[in-house]
Structure formats: C-alpha cells, structure tokens
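Taking it in order: structure first as structure tokens, then the write-up.
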Amino acid sequence: MTMPPLRWFARRLSLAALVVFGAANAVFFAFRLLPGDPVRSMLGSTNPTPELVARVRHDLALDEPLAVQYGRFMRGLLTGDLGESFQLQEPVGEVIGGQLWPTVQLAVAALLLALLVSVALAVLTAHRPRARRITSAFELVAASTPAFWTGLLLLALLSFRLRWFPAMGGSDIAALVLPAVTLAAGLVGAFTQVLREELERALEQPFVLTARARGGGETAIRLRHALRHGLIPLITLSGWAVGALFGGAVVVETVFSRQGLGQVAAAAVAGRDLPVVTGVVLVSAVAFALINLAVDVLYRLVDPRIDERSIG
C-alpha cells in the first residue's frame, strides 16, 4: 500500500534531519578523540605560553566536561551559532557564507555538464556497437583519471598553450569552464555507462516495438520513451555525485587557485580550526540530505508507480 504523499515527505524529511544530526555528532566526537592537544595544534609551532593555551581552551569551551561541551555544541547548532574561527577571527557563518557560492556554482555547473554529456552519449551509442566502442575508451579514461591530473592537462593545453581560458582564479564564466569540466569528467564515465545499459534494456521492451510500428523516428523513440525508463539509476547516481563533487572541489579549487568551500575546508583541517571544520561538515551534510530528498521526490515524479516499499 502506497504511503500518502504528505506522510511520505514528512518521513523523508525526518530521515534527512537524522543524517545532519549524525554528521554533527560524528564531527564533535571525532575531533575530541584525535590524539594530541587540539589547542596546541591550532596554535601551531609558535611555542605558545601556558596562559595563551589556557585562554584558547576556555574560549573553545574545551576546559569544560564533555557533557557540557556537547550541550553547548548542540545548543549552538540549533540556534545557528557555530562559533568563531580561531584562525580567521570571524564568525563561522560568515567564513562559510563568503565561500559557499563559488563552490555551489562549480558543483552545479559540473553536475549539469556531466548529465548533458552523459545523456547525449548514451542516447547516441545505445545498441550501436561501433559508436559504443569509440566512446567506451573515453569513458574509461575519464572515470579513472584523477581530478588533479585532468585539471593539470586542461591547464597546460587550454590555458598555457592555447590561452582560451584563464589559468588561475577569476570569478566569471570563462574561469568556471575548466574547473567544471575537470569535476564533470569523472562523472561522465560512470553516468554514461549506467544510463546506456538502462537504455539498451528499455529499447528491447515491447512498448518500443509498438512505437516503431506506429512510425516513430529512432531518435524520438529514444528520447521520449526509452530515456524515461533509464533515468531512475541516473537520478540515484546524481544524488551520490553530490558527495563526490564536494570532495573533488577541494582538489579542483586548489589546482585552479579558485575560491570556495574546498579551500576553506583544507585550511581548517590543516590548522585544526574546529569551529570551521564543524561548519563545513554540517553544510555538506545538509546539502547531501537535501539532494537525496530531492532524488526521492524525483523518483515519484519520473515513475509514479514507485512507492515507499521500492525506495525504502
């Protein structure tokens, strides 16, 4: 029996909240279980005085009992107060807010590019052995090449040699192209292979034979009939890709000297800036939870027959 839409959505929203809660707990306890003194790690190799260490420990509430620290952490989480960055001396919300948009731009551009290229390749090569052999080599190379190596190759060819795109930094569309292509390349290989398998399976179904008997063109049949049946696995992979995009953004933003959340996360982890690391993890968890909620909604839109039992 299919669950009513409102109840289904409320349940999915509750699961998303549990994901964020679990991520918050994980980051809270992980940094307190790491070996060494986090305060001295944050202060670096400056040989800080005991007074400075004690003051920083007090500012971060690390001198309180663990239960008190946890209560303050959860209270701040519920009120949106993530504290202040020790390294930057700014509220964590401002640090993340100032760098979030460039990373969102990069992730969205890469995901859309990967989806467009994958759909085009899958539609053009499904049940066409010669075309499939040609694109399979590209898909294998794209899926197995590390992002930093792809970025360096694109920089060497399209920036340094041909000078079509800026090499470093920048905030315009031209500066977004190479980072987005670098992030999208790895996804194209996985997306195309999965979607093509589903398309080939759909093209063997009776409804395709019926459409052909009615005089429908091959391209129209693939786009209007078969593609819809192949979208479910692609939607699933798109939800998974959000995590890959956020992880890859750290490398890509470094290679292209691009501002963004990845650079902030890398610097915060290196300096054990606990409030900033916590904020980045929570933002990533919220994004992951919301994207997966959107994926579940798309399931029902693409195929209304999918019910609570078939998608968990």
Side-chain angles (χ1 to χ4, degrees), residues 5-32 69-88 90-112 114-115 179-180 183 187 235-253 258-269 272-301 311-312:
L6 188 59
R7 183 182 173 188
W8 174 87
F9 184 78
R11 179 177 178 181
R12 289 292 165 179
L13 196 60
S14 300
L15 291 175
L18 285 176
V19 170
V20 177
F21 179 74
N25 279 273
V27 72
F28 175 84
F29 289 107
F31 272 94
R32 284 154 179 82
Q69 294 181 41
Y70 184 77
R72 292 183 60 173
F73 173 77
M74 283 299 167
R75 184 167 60 251
L77 181 63
L78 293 174
T79 59
D81 181 12
L82 298 176
E84 185 175 281
S85 168
F86 179 76
Q87 291 180 322
L88 302 176
E90 297 178 13
V92 173
E94 294 182 8
V95 173
I96 294 177
Q99 300 296 326
L100 181 59
W101 178 238
T103 298
V104 171
Q105 281 183 312
L106 176 59
V108 171
L111 182 59
L112 291 178
L115 290 173
L183 263 184
L187 299 179
I235 292 173
T236 302
L237 280 180
S238 298
W240 157 83
V242 172
L245 289 172
F246 272 99
V250 178
V251 176
V252 171
E253 288 171 359
R258 179 182 172 84
Q259 291 185 334
L261 208 57
Q263 292 275 40
V264 171
V269 170
R272 294 188 73 169
D273 194 340
L274 304 185
V276 175
V277 172
T278 301
V280 171
V281 170
L282 290 178
V283 168
S284 301
V286 169
F288 181 80
L290 291 179
I291 291 296
N292 278 275
L293 179 61
V295 165
D296 288 342
V297 173
L298 284 176
Y299 282 155
R300 296 171 71 95
L301 293 178
I311 63 177

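Quick caveat: nothing in here was measured; it's all calculated off a predicted structure.
Across every non-hydrogen atom of Gln259 and Pro102, the tightest pair is O-CB, 3.4 Å. Minimum interatomic distance between Pro275 and Val92 (heavy atoms only, all atoms of both residues): CB-CG2, 3.5 Å. Here the closest non-hydrogen pair linking Val20 and Ala289 is CG2-CB, 4.3 Å. The minimum heavy-atom distance between Leu187 and Leu183, with the atom names listed, is CG-O, 4.0 Å. Nearest heavy atoms, Val276 versus Ala268: CG1-CB, 3.5 Å. Between Ala180 and Ala110, the shortest heavy-atom distance links the atoms O-CB, 3.7 Å.
Taking 4.5 Å as the limit, some side-chain heavy atom of Arg258 sits within range of a side-chain heavy atom of Gln105.
In this structure, the separation between CG on Leu106 and CG on Leu261 is 11.0 Å, given to the nearest 0.5 Å.
Ring planes of Phe73 and Phe28: tilted class, angle from 30 to 60°.
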Checklist entry - Could you go step by step and tell me if Met74 and Phe21 meet the side chain to side chain contact (heavy atoms under 4.5 Å, CB included) rule? => result CA-CA 9 Å; Met74 283 299 167; Phe21 179 74; 3.7 Å; yes

